Amino acid sequence: MSQKKIFLVFVAISTVSLLLHHGGHLSWTIEAFHLGCPALRSHPAPGLKPKHTNVAFLKTHKTASTTMQNLLFRFAERNNLTVALPVQACSHQFCYPRSFTSHFVHPHTLPPNIITSHMRFNKAELLRLMPNDTTYITILREPGSMFESLFSYYNQYCQSFKRVPNGSLEAFLQEPWHYYRPDEKDSMYARNTLTFDLGGDKDRPVTDVVYARAFLAEVERVFSLVMIAEYFDESLVLLRHLLSWDLEDILYVKLNMRTPSSKRSLTPGLPSKIRAWNSLDARLYDHFNASLWRQLSTLGPACVAREVRLLRRAQERLMRSCFGGRMPLLRSAAQIKNKDLRPWQPSGKVDIVGYDLPVNLSRGFSSQAQELCLKLIMPEVQYTRVLLRSQSLRYRRGYQLRPPQQTHPLQQPIRTVLPRHPQVQRSQSPPVAPGPASGTGSTSTSTSKPAAGTQGRTTKLRPKSSQTQGSQTKK
């Protein structure tokens, strides 16, 4: 009997050791994460149902969406999935702010399971591109903190911001129509950016309540989950249940952050002016913030709290393992030695920080674990290039074995220039642009970050009343 006990103890220790070290120290709480919490929307508990792998994430601006994109990139690589990526003429975005079309997708990334790069939403084109069972997800952020971030980040690109004396946010909000031009280059950063990203009409009058309610209803119908940046971890818990994913699949490191010196505090009265100027975005946020908490309530507050706690513990353990036993320090781009880890800098007035891996990371780490740590903190532009290279290599290897009739219907020769679109005349009204339901818009092309272009209008959608709820600010 004693020998049997010793054997069982040995097996237990070996199992725990494996969980602690396998896969770059990621799997240590996977079994513990399978709690007896009620599944969301009648989904079975994760592990009893295959993971859902077809996902369209609408990457909105200044909403922690880069962090979410990195999470999806890593999930795709870990599960050998295909990510739709932009053609080279579009750079790392799908030719934003032009309305998305399948022509913007690199043929070596077809047919896709996941799409997550910046675009202006066009449901009809995405339905044509993505599998029928694709789950649509996006993320929103509290309008006050988001607009402050937009004003800071795009101050040297958006003409509506550039013409403001001394780069004063207060001055802009005091008289926004004095600086703002609806059809001007990059104007989508200066008003209702979330609405524009979702395919809506950013300049719809505030008095058009019917349009606002209809737009909300359509977004709610299309997107299975609308995440909230201020409650990112709680949103990930809902995502995990929705897609039947594991804890390992939702681990992340915050990316594309500004230094404290690049941020400004909002003086009293500014938040209300920002909400008034971005009234459609404010409606969107209030409605889906309330929706998020209804879904969390359905899942159960105790269950959500336990999962968030496990998520944060796992992330801290992962970070310490990647950074030599301690939490990493944020560094400016100039301080980061590895050029593949230097974040893009929008201007000399804004510092975007990132991370650098310890020089002795290779000691005691497998090449797989080293790559995980590298990808975990890799900025958007570099990761997009790496992913395109790996998928193009896979495409070329498989192309020789693939019968002609098995090619994806959207595949076509790689374009070195974008397809032609009619120019928008200044004297004419802008063309119709898509809401979340359908349609196409016309905007100018941009091949660098940030994008540039003109904006369009949106067709009417079905009306539905909205609900609101206040929220907190995190960033």
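Keep in mind the model is a prediction, meaning the values are calculated, not measured. The analysis underlying the following values was restricted to heavy atoms, covering all of them including side chains, and did not include hydrogens, waters or symmetry mates. The first residue in the sequence is number 1, and the count goes up from there.
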- request: Give the C-alpha distance, both sets of side-chain angles, the deciding distance and a yes or no for side-chain contact (heavy atoms from CB on, under 4.5 Å) between Arg181 and Ser187.
  value: CA-CA 7 Å; Arg181 309 287 186 273; Ser187 67; 5.9 Å; no
field: Phe232 ring center near Tyr252 ring center (under 6.0 Å)
entry: yes
query: Are Arg394 and Thr82 linked by a side-chain donor-acceptor pair shorter than 3.5 Å?
result: yes
message: When you measure from the side chain of Thr101 to the backbone of His103, do you find a donor-acceptor pair of N or O atoms at a distance under 3.5 Å?
response: yes
message: Does the plane of the ring in Phe323 sit parallel, tilted or perpendicular to the ring in Tyr355? Use 30° and 60° as the thresholds.
response: tilted
- prompt: What heavy-atom pair brings Leu255 and Met378 nearest, and what distance separates the two atoms?
  reply: CD1-O, 4.0 Å
message: Tell me whether Lys337 at atom NZ has more than 12 heavy atoms from other residues, nucleotides or ligands lying less than 6.0 Å away.
response: no
query: Do side-chain atoms of Arg120 reach the backbone of Cys95 as a donor and acceptor pair under 3.5 angstrom?
result: no
message: Whether the side chain of Gln382 engages the backbone of Lys339 through a donor-acceptor N/O pair (distance < 3.5 Å, no angle test) should be reported.
response: yes
Atom of Ile114, atom of Ala76 and distance for their closest heavy-atom approach: CD1-CB, 4.0 Å
query: Do the side chains of Asp201 and Leu280 get nearer than 4.5 Å, heavy atoms only?
result: no
message: For Arg74 and Asn70, which I'm curious about, is there any donor-acceptor pair between the side chains at under 3.5 Å?
response: yes
field: Derivation and outcome, salt bridge (charged side-chain N to carboxylate O under 4.0 Å, His left out), residues Arg312 and Glu316
entry: CA-CA 6 Å; Arg312 290 173 180 172; Glu316 181 175 350; over 6 Å; no
- request: Answer yes or no: is there a donor N or O on one side and an acceptor on the other, between the side chain of Thr384 and the main chain of Glu380, under 3.5 Å?
  value: yes
Rounded distance (nearest 0.5 Å) linking atom CZ of Phe288 with atom CG of Leu216: 6.0 Å
- request: Show your working on side-chain hydrogen bond (donor to acceptor under 3.5 Å, both in side chains) between Thr66 and Lys59 and close with a plain yes or no.
  value: CA-CA 7 Å; Thr66 299; Lys59 189 177 187 296; 3.0 Å; yes
query: Should Leu243 and Lys51 be marked as a side-chain contact (heavy atoms from CB on, under 4.5 Å) after you check the CA-CA gap, both sets of side-chain angles, and the distance that decides it?
result: CA-CA 6 Å; Leu243 302 179; Lys51 296 179 183 181; over 6 Å; no
message: Rounded at 0.5 Å granularity, tell me how far CG in Leu242 sits from CG in Leu299.
response: 11.5 Å
query: So, for Phe57 and Phe73, is the gap between ring centers shorter than 6.0 Å?
result: no
- prompt: Within a strict 4.5 Å, meaning less than it, do heavy atoms of the Asp249 and Arg240 side chains meet?
  reply: no
task: Evaluate the side-chain proximity of His61 to Asp197: yes if any heavy-atom separation is below 4.5 Å, no if none is.
output: yes
query: Any idea which heavy atoms bring Ser160 and Ala190 closest together, and the distance?
result: CB-CB, 3.8 Å
- prompt: Looking only at side chains, do His241 and Glu307 share a donor and an acceptor under 3.5 Å apart?
  reply: yes
- prompt: Is the Phe104 to Phe94 ring centre distance short of 6.0 Å?
  reply: no
task: Answer whether the closest heavy-atom distance between the side chains of Thr193 and Thr60 falls below 4.5 Å.
output: no
- line: Tightest non-hydrogen contact, residues Leu140 and Thr63, listed as C-CG2, 4.2 Å
query: Taking the side chain from Gln315 and the backbone from Val253, do they hold a donor-acceptor pair closer than 3.5 Å?
result: no
Rounded distance [0.5 Å steps], NE2 in His92 versus CD in Gln69: 8.0 Å
- prompt: Should the pair Phe121 and Phe223 be assigned to parallel (<30°), tilted (30 to 60°) or perpendicular (>60°) ring geometry?
  reply: tilted
message: Pair Tyr383, Asp340 - check side-chain contact (heavy atoms from CB on, under 4.5 Å), show working.
response: CA-CA 8 Å; Tyr383 205 159; Asp340 289 333; over 6 Å; no
query: What distance separates Thr116 OG1 from Ile137 CD1, expressed to the nearest 0.5 Å?
result: 9.5 Å
query: Can you tell if the side chain of Glu234 reaches within under 4.5 Å of the side chain of Val304, non-hydrogen atoms only?
result: yes
query: If we ignore angles and hydrogens, is there a donor and acceptor under 3.5 Å between the side chains of His52 and Thr135?
result: yes
- prompt: CG of Leu110 to CD of Gln391: how many Å apart, nearest 0.5 Å?
  reply: 10.0 Å
field: Cation-pi, Tyr211 ring and Arg204 (6.0 angstrom, 45 degrees)
entry: yes
- prompt: Would a 4.5 Å heavy-atom cut-off, applied to side chains only, mark Gln159 and Tyr189 as touching?
  reply: no
- line: Shortest non-hydrogen pair, Leu236 vs Leu311, comes out as CD1-CD2, 4.3 Å
field: Non-hydrogen side-chain atoms of Leu85 and Val105 separated by less than 4.5 Å
entry: no
query: So, the side chain of Asn54 versus the backbone of Thr134: is there a donor-acceptor pair under 3.5 Å, distance only?
result: no
- prompt: Would you find a donor on one side and an acceptor on the other, under 3.5 Å apart, between the side chain of Asn278 and the backbone of Asn192?
  reply: yes
Derivation and outcome, side-chain contact (heavy atoms from CB on, under 4.5 Å), residues Leu341 and Ile377: CA-CA 7 Å; Leu341 297 178; Ile377 60 175; 3.8 Å; yes
- line: In terms of heavy-atom contacts, Leu126 and Phe100 come closest through CD2-CE2, 3.7 Å
- request: Kindly compute the distance separating CG (Leu58) from OG1 (Thr138), expressed to the nearest 0.5 Å.
  value: 4.0 Å
task: Would you tell me whether His108 and Ser392 have side-chain atoms, one donor and one acceptor, within less than 3.5 Å of each other?
output: yes
message: Using only atom types and a distance under 3.5 Å, with no angle test, would you say the side chain of Glu125 pairs donor to acceptor with the backbone of Ser102?
response: yes
- prompt: Considering only heavy atoms from C-beta outward, does the side chain of Asn289 approach that of Tyr231 to under 4.5 Å?
  reply: yes
task: Check for a donor-acceptor pair, side chain of Arg342 on one end and backbone N or O of Ile336 on the other, with a separation under 3.5 Å.
output: yes
message: Is it the case that the side chain of Asp246 and the backbone of Glu248 share a donor-acceptor pair, with hydrogens and angles ignored and the cut-off at 3.5 Å?
response: no
query: Any chance the side chains of Tyr153 and Glu148 put a donor and an acceptor closer than 3.5 Å?
result: no
message: Is a donor from one side chain sitting under 3.5 angstrom from an acceptor on the other, for Asp281 and Thr195?
response: yes
- prompt: Do you see a donor-acceptor pair shorter than 3.5 Å between the side chains of Ser145 and Lys62?
  reply: no
message: Does the plane of the ring in Tyr96 sit parallel, tilted or perpendicular to the ring in His118? Use 30° and 60° as the thresholds.
response: tilted
